[in-house]
Each structure stands twice: as structure tokens, then as C-alpha cells.
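Inspection log for the structure reproduced underneath, given as C-alpha cells.
What you see is a predicted model, and the numbers here were worked out from it, not measured in a lab. Each chain gets a letter, A, B and so on, in the order the sequences are listed, and its residues count up from 1.
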Amino acid sequence: MNPQYQPKAVEPEVQQEWAATRAFVAPDASAKPKYYCVSMLPYPSGKLHMGHVRNYTINDALYHYMRMKGWNVLMPMGWDAFGLPAENAAMANGVPPAKWTWENIAYMKKQCQAMGWAIDWTRELATCSPSYYRWNQWFFLRLWEKGIVYRKTGVVNWDPVDQTVLANEQVIDGRGWRTGAPVEKREIPMWYMRITQYADELIDSLDGLGWPEQVKQMQRNWIGRSYGVEFTLPYAPETAARMGGPSAGGKPGLKVFTTRADTIMGITFAAVAAEHPLATEAAKGDPKLAAFIDECRKGGVQEAELATMEKKGMPTGLFVLHPVTGDRIEVWVGNYVLMAYGEGAVMAVPGHDERDFAFAKKYGLRIDQVIEVEGKPYSTDEWQPWYAEYGRNVNSGPRFAELDGKDYAAAIDLVVGKLNALGVEAAKRVQYRLRDWGISRQRYWGTPIPIVRCPKCGDVGVPDDQLPVVLPEDLVPDGSGSPLAKDPAFYECRCPKCGGPARRDTDTMDTFVDSSWYFMRYACPDANAMVDARARYWMPLDMYIGGIEHAILHLLYARFWTKAMRDLGLIGVDEPFTNLLTQGMVLNHIYSRRTAKGGIEYFAPDEVEATVDAEGRVTGARLRRDASPVDYEGIGTMSKSKRNGVDPQDMIDRYGADTARFYVMSANAPTDTMIWSDESVNGSFRFLSRVWGLVHDQVGAGVVPRYSAGELSSELKALRLKLHRAIEKVGDDYGRRLQFNTAIAAIRELLNLYETVKDRSPVARAVAQEVLEDCVLLLAPIVPHIATALWRELRPGTRLLDQPWPAVDPAALVQDTIELVVQVNGKLRGHLQVAAGASREEIEAAALRHDAVLKFTGGQKAKKVVVVPGRLVNVVV
RNA sequence: GCGAAAGUGGCGGAAUUGGUAGACGCACUGGAUUUAGGUUCCAGCGCCGAAAGGCAUGUGGGUUCGAGUCCCUCCUUUCGCACCA
């Protein structure tokens, strides 16, 4: 055995053995229970980054632990290979996205293999393969047949110079990233998935999932189920005349939804979105209003932007009638009213809604109090939070006097009844914040939408036997519109129905489609169907691991997709992810500066020298190469575009994969945010070298059978106590708490104690053998290469991968005496040794005659003595 | 703006159910070993204090025999906000 730990020799050799024995290929049937653990598949951006290392090492540790515990474990890997960055790289380098993507995949796969992750590579998939995206298209068509997929217009960011749709990421400070032109909103036709049809189930089935509570809460809030009332504000006569005849079956009017129907007597105006038909009508012949609506089109579509912008409005000159009093209510256009939520129109109650209040103040509109919260004053001078609370109705007026004094629940019923009695359409309704999922993208590198647009037949689905609609792989985008829309070879086709000339849909699907079901395809990557029986074996995932940034969108879409597949009889589960581990982000500092053209240029943290203030905060930085100043943007998630990612390759080259894995796992808990630093990596390498050295010493003096029975000194007893406590704790940390840093600390503690034992008697060497063997097994999930090599030395002729998780010896955990903490008035004053089985009374008596207690009570009589068994005794005076 | 989290020594962090705050590391300081060291070993290492002891978990309050942990307030940072993935 080499006296020195040399990972460069150990790791490739161990990896070859794994490959030669197909060690991580999981069978699709087994007498063991199955455990399916998946990490969110990586985007092949070029190289692995630290977030990947963290993600897949967590998964790998779980893989090994569960395997040792006797499960049939599967850990697959794939590539989220469609998306915008490939197009950007193509534009920058003139290389087609396909070539760039496949090269990245090849490189990153090598890196994964060098990390030694226990991936079953026989199931590898890339979402840009026709054999994968074919089933996106097939399923799209099935959902279209069911009415889950439909077409309507949607709002996008529009760059008026490049004449192209921009992703939110491509909008910087309200301008197009390439042209610098102010971005506008534009409505275009798109395909949607009716995820709202599943809204209730998506909320209700969260309850049974083993997910972090905050993620479930985020999903509930995102779906945003609210109970309210929908009703119609009838048009005033002249408005009705302008807006045309009554809608089918109803009186003409403005439909609104409110969760606060109890405040209906406080309506003083109404507001509609700029895109609302009423606004469009009012703008005819009103150039000022038309200009305002035009102004509302300026800017992008991001909600954060809309929510923080200044609330503006303009009266339309159109009126509706209050449904109870018949008072005339003016309709305003408000830039804060969202066309996508509810009906794109709101009743405004400035007396009890903060936004309406601010709006009314700004434009001098009336504010009426109609709700009273007991004991809290009301004044229209300044907004107070309690104005929006539930209370009792007041000032309801002579036409609705019976509403006064009612609480919220009673008021709602009363209002709905009253409106109906007055002949106004009104009903309780459930409203969701969730919107249907728009999946059309005006981009090249994605799944082509399998629809043909025929001048005679309209939209026609591509027949199943003509799937996949193959994406041409040799195009290079130029930044202005989709290359597919400029490629007649792609879009010119025949209508599958009538055979006449037709045009393909040149949009591609959102890449969230690709990531909504890949984890099912791993089970059967070669199936000549979307999924087969093997998916029924592996699904659902027993553990899904990925970044917290996916807590809402990706997880919600995948849950929806799974339910939709279930409803088509393709899979037998309601939920895809039984348990979820959301990994904290790996962050790093961000440095940038403006270019002369107005763009932004980013610099990697190792390219700059930070300048720090007295408190140690970074205030700015200078480039190392020419000392020119750059701006500090704070810390943020590692991303290629911000150039603050860290390539793990340097660390692997220098210390080996095991050290990189060990370091990342020992730094903090998986769910915690990690601000990147590699200052203490050498400590991890030092530890592994130390373990190597300890095994070397033991093996050098001769391998012995591990301790099984016999008299032990108190020192060896204490060592075995530490060992078996560690086995217990490490198993709990790996399997239940998913907290690997504390498991590592426990193993370090064990070895710290081990090294203090100088006894070399036969029984001591037997205990040493036990400690080292078990230690290697405890470490195996984190550092499998070195563990494999050390195991061979400790137990020649056996294989680490065949070993079960070590068993706890209950006899080793028995203690004769235990130490209790002694407190006086809750302050630590001393310690007390008591027999393990000491009674409460014995402990109390011992504490009261304890020196420290006598000293700090100063002879006063104890008022109370609190005994916490096994922990402490607190004397209160 | 809205939703969800986080804040503990010089640094990463531990404290699992309200019960010894700082485990385990990194860095640093002193010493030993070594031809040498980015090696190894020993000791020290929250702050104030000579000590006894006191103070201390972002801020300010509260509950409790006892609070990093529970409640309220404020501050800061991170993630998400529907076309980055």
C-alpha cells in the first residue's frame, strides 16, 4: 500500500473498475424495493459549475447510502439541451447551436465521469434529440385533441429595431440588449396549455408531498386560489350605445371580479386595463386617451417591473352604473390593471384598497368608508393598514341599509343575493392568480410545434406517423427573428388533410416542456412510445434534487404535465416527486461596467482586485490587468452571462474528485445558500490524507479481524461508544436529515478520538480495525474512490460496493454514568456526574449539595428545581 | 411591489423537540520535529476583565425557571415573479 494518498492514481483506477463491472446500471425489476433519485438535469452551457458539483454529489451520496441500506437505486443523467444560450453562442461564434450543444455535452459528460458519480449512463438522454422531442410533439397533439392545448393572443417584449421578440433576460433597463431600443409590448398569437384546469388539484395534492413547507407555500401562493364574487356593472345608457348590443343572454356591462364584495357600497370608480375593449372604444376620437394607452404599451412585460412602476390612469369618459344605487361611476384606464388576471377590469374601492386609495388621492377621486374595524380610527387623509382588514359594514346607505353591521361572510351572501334580486348578474366564484402556460417561442433552438397552417383547413396537426417534425440543425440565427421563419425548406409543406400548399408553425416550444417529463423517459429511453411499463416501475421519484430557483415554475409545470399524462392513461401516478430537496444557490461576487455603447460588460471575480471599506464590505474593484475601475454589483447566483461561475476543474486537477466532493459537502447544509470560497479546500485534502495514513498504519502492522467481543479498557469502551454513536448519527444525517456537513463533523470527531488512543494490544488493534472499517463505510457515500481503495486494503478480496451500511451495536451505547449540567437561575454553574439510571429525586438532592449551587444560591432556599433528564438541572432561587 | 427564505467569532458553520452557544473545520499566534516545506505534531484562539465574573447569536421589545430556537417590530441579504434555465 502506498504510504501517500495519491488521488490521481486512485481515482481513474477505481472508475475503470466501476465501468468494467457496470456497477451503476440499475435493473428495471428487483426483489429489493426501488429508490429513484434524480437531480434536475443540467443545461449544457460548456462546463460543470459548482452548483452542479453540489447537486450531483448530494444525489450521489444518497445513491450510495440507499444502496448500502438495501435498495435498488437508480440515478440517471440527461441534458436540458434546447434553449437560448446555444443561439447566443451561435451568433457570437457563427457555429450552429447543435454543434455547440453536442460538444458541450461531450465535455461535461467527461467531467461527470471524472467526478465519479454513480450515474447509470445507459439511460442518458438529451432533450434536443429527435427521439426525445418527438414525444413532446406527440403529447402536444394529444393535449390539443383534448382541448388542453389551445391558441390565443399573448403579450411579448418587442424590439422595434430588430423586429424581434425578446426574452425577459434580453431586456436590460427597458431596452433591447442588442439594439438599445426601448422595448414595447406586442400581442401575438401563441399556443397555450390549460394548466388552470388543474389549479385545484395542483394546490390540494401538495398536502401529501414530502416537500419543504416553504416550497409548498410558494406554490400555493403562486396558484393563488381566492374566493370572490364576479358581477357586472351595467353600462350607463350612452356607454351601452357605444359598446354595442348586450352580450349573449346578459345585460351590457363591465364584468369585474372582487374578493371584497363586502365593500361594494364603497365603489367610487372603475378601472380597466389598457388593452380592455372598453379602453379601445373610448380611445376612438380621444387622442389624449389614445396617447395614454399607447404610453402603456411602452416597457416590457415583467411583473416586477409592472408592480413597481408609477400608477397612472386616465378617465375614459365612459360610465357604468352602481348595481345597487344606480349612481354613475366613471371608468378609468389604469396602467396597473392586468388584462391577464380576471376580466382585466376592477371595481375600485379607495376606502379599503391601498392601491385604489393611492390612485384616488392622486386624481382627486372620492374615498368612502364602508367598513369599520373595531377600535381603529378612520380618516381619508392617510392610508392605514387596517383599512383593508375585515370588519363590519357601515355607511351602506338607504338602499342597502340591511348590510350595516354585517361581518365579511354574512356581507358576501347578502351582496350576492341583493344583486341577483336587482337583476344584476352576480355569483360567487373561485379565481386563480395562475395563468395558462404560454408555450410558443419565436426561436430556433427548441421543439418545433407540430402544426401545419393550411389556408383551407386552418390549423392541422401533423399525423403521428410523420413525427417527429425534425428541427434543421445547420442554421445560424442572426438576432432578428427566428431562422425557421426564414427557411422555406422548413416551413413550406403540404397540408396533411387536403394536400394543398401550407405552412408549418415556425414557433418552437418553451424549454420547460422538455424538462416536464424527462425523468419518466430515463426509465425507458429507447421506448417506441412516450413511456412504457418501465416508467410505471420507477415512477414516482423518491427524491428529486435541484436548485431552489426552480421552486415554482419548473416544479409546477412538471406536476401539471404528470397529471395530464395520467389523464391520458400513460402513467399511474398523481404526483411526480414524492420527496424534494431544494438545494441552496451557489453565489459569487459580480463585477461589471458599462461599455461605451451602453451595454454591460462582466468580469470574473479572479480578474479583479476588490476594494473594501472599514467594515470589510466590498465597495468596488479594479481590473488586475490594467487597474481600471469596475463596479461591484453584490453577490448573485453563478451564471455564464455574469461571468462569476467557478469551474471545478482546477480543484479536481489539483486535489482530485474526492476532495472536491468532500469539500463541497462539508462546507454547509445542502439547503443553505453557499457563497463560494475555496480557502479551506486544503483542509479537506489533509483529512483524506490523514484517513489514508491511519489505514496504512493499521494495514502495515497486519490486518486483524474486527472487534467482536471481550473485556475493554475504559478508553476503548469510550472509543466504541463514539464509533457507534457516529454510525447512528451519520446514518440519520444521510438518510433523514439530508445534512452531510454534520455527518462529516461526526466522522472527524471519531477520528480525533481514535488518534488519542495509543494502545497497541491485540484487543485494541481489533477495535482499531472495527473503527477504520466502519469509518471507510461511513465515508463511502461522500468519497467513494478513496473508500474503495482503502476497503480493499482493510478487507482484501471483498468489494466496497457489496457492503451493507454498518450496524449499530447497542451494547456499545450503554453508559454507566452521565454528566449533567448544573444551572442556578438558568446560568451554567457547574457539572454533575450521576449514575445513568438516577432518579429525579437523587439528581435534585445531588444538585442541591453541589459546591457551585451552594456558592451561587448564597444559602437561599431553592424556589424550584427543574430537572431535564439526561441534560441538566436548574435551581431557581 | 408581491411571495418565500436567511442573518451566530476574522471566515465556513454546529446547536435535530425551548435546555451547556461557538461542535467540526479554515485562517491566525506560540512551541517542537524536519536539510527544506504550502509537511507533521503539541498548545492557544468570541468580547471585556488581573481575577472573580460579566457580556454576547442583525435591531428593539415580549413570553419562560431557561430563548440562537417561540411571539411582535424594524434593518440587511438572497431566491422567484410566468420568454434565462
Pairing partner of [N] (Watson-Crick or G-U wobble, both distances under 3.5 Å):
N      : result
B:rA43 : B:rU29
B:rC81 : B:rG1
B:rU16 : none
B:rA52 : none
B:rG7  : B:rC75
B:rU57 : none

Does a nitrogen or oxygen in the side chain of [X] sit under 4.0 Å from OP1 or OP2 of [N]?
X      : N      : value
A:N741 : B:rA14 : yes
A:K863 : B:rG66 : no
A:K855 : B:rG53 : yes
A:N221 : B:rA4  : yes
A:N682 : B:rA27 : yes
A:R690 : B:rU39 : no
A:R433 : B:rC2  : no
A:T673 : B:rU78 : no
A:N668 : B:rG13 : yes
A:Q739 : B:rA23 : no
A:R737 : B:rU17 : no

Spacing of [X] atom [atom1] relative to [N] atom [atom2], expressed in whole Å:
X      : N      : atom1 : atom2 : value
A:N168 : B:rC84 : CG    : P     : 5 Å
A:D732 : B:rA14 : CG    : C1'   : 15 Å
A:M218 : B:rU78 : CE    : P     : 16 Å
A:K758 : B:rC42 : NZ    : P     : 7 Å
A:R748 : B:rG12 : CZ    : P     : 17 Å
A:F82  : B:rC84 : CZ    : C1'   : 17 Å
A:N644 : B:rU78 : CG    : C1'   : 13 Å

Please determine, for the side chain of [X], which listed nucleotide ([options]) has the closest atom?
X      : options                : answer
A:H831 : B:rU20, B:rA82, B:rG38 : B:rU20
A:M585 : B:rC79, B:rC24, B:rU77 : B:rC79
A:V866 : B:rC65, B:rU20, B:rG3  : B:rC65
A:R654 : B:rA82, B:rG38, B:rC24 : B:rG38

- request: Measure from the ring center of A:F685 to the ring center of A:Y5 and say whether it is less than 6.0 Å.
  value: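 Yes, the ring of A:F685 comes within the 6.0 Å limit of the ring of A:Y5, centre to centre.
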If you look at every strand shown and take non-hydrogen atoms under 4.0 Å, does [X] touch a base, only sugar-phosphate, or nothing?
X      : answer
A:R355 : nothing
A:H554 : nothing
A:R441 : base
A:Q823 : base
A:W437 : nothing
A:V876 : sugar-phosphate
A:L872 : base
A:F856 : sugar-phosphate
A:N752 : sugar-phosphate
A:V165 : base
A:F512 : base
A:I744 : nothing
A:G636 : sugar-phosphate
A:A551 : nothing

Donor-acceptor pair, [X] side chain versus [Y] backbone, under 3.5 Å?
X      : Y      : result
A:D510 : A:V513 : no
A:N644 : A:L587 : no
A:R433 : A:W222 : yes

- prompt: Salt bridge between A:D507 and A:R441, side-chain N to carboxylate O under 4.0 Å?
  reply: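 Between A:R441 and A:D507 there is no salt bridge, as every charged N stays at least 4.0 Å from the carboxylate O atoms.
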query: If you measure from the Lys or Arg side-chain nitrogens to the Asp or Glu carboxylate oxygens, is any gap between A:E749 and A:K729 under 4.0 Å?
result: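 Here A:E749 does not pair with A:K729 in a salt bridge, since their nearest N and O are not under 4.0 Å apart.
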- prompt: Is there a donor N/O on one and an acceptor N/O on the other, under 3.5 Å, for the side chain of A:K827 and the base of B:rU20?
  reply: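 Flag unset: no donor-acceptor pair detected.
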query: Less than 3.5 Å between a donor and an acceptor, one on the side chain of A:R871 and one on the base of B:rU20, is that the case here?
result: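 There is none.
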First encountered from the 5' end of RNA chain B, between A:N874 and A:T637: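 That would be A:N874.
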message: By nearest heavy atom, map A:N825 and A:D436 onto RNA chain B; which one lands nearer the 5' end?
response: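 The 5'-side residue here is A:N825.
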- request: For nucleotides B:rG44 and B:rU57, find the distance between their P atoms and express it as a whole number of Å.
  value: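 It comes out at 26 Å once rounded to the nearest Å.
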message: When the P atoms of B:rU78 and B:rU29 are compared, how many Å lie between them, rounded to an integer?
response: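 It comes out at 33 Å once rounded to the nearest Å.
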- prompt: Is the glycosidic angle of B:rG9 within 90° of 0, making it syn, or outside that range, making it anti?
  reply: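 Chi for B:rG9 falls in the syn range.
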message: Pair A:Y192, A:W437 - check ring-ring contact (aromatic ring centres under 6.0 Å, His included), show working.
response: CA-CA 5 Å; A:Y192 281 84; A:W437 177 14; over 10 Å; no
- prompt: Using 30° and 60° as the class limits, which term best fits the ring planes of A:H550 and A:H554: parallel, tilted or perpendicular?
  reply: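 If you compare the ring of A:H550 with that of A:H554, the planes turn out perpendicular.
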message: Working to the nearest 0.5 angstrom, can you tell me the gap between A:T742 OG1 and A:I747 CD1?
response: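 Going from the OG1 atom of A:T742 to the CD1 atom of A:I747 covers 10.0 Å.
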task: Answer with yes or no whether the side chains of A:W517 and A:N136 bring together a donor and an acceptor at under 3.5 Å.
output: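 Side-chain D/A pair, A:N136 to A:W517: present.
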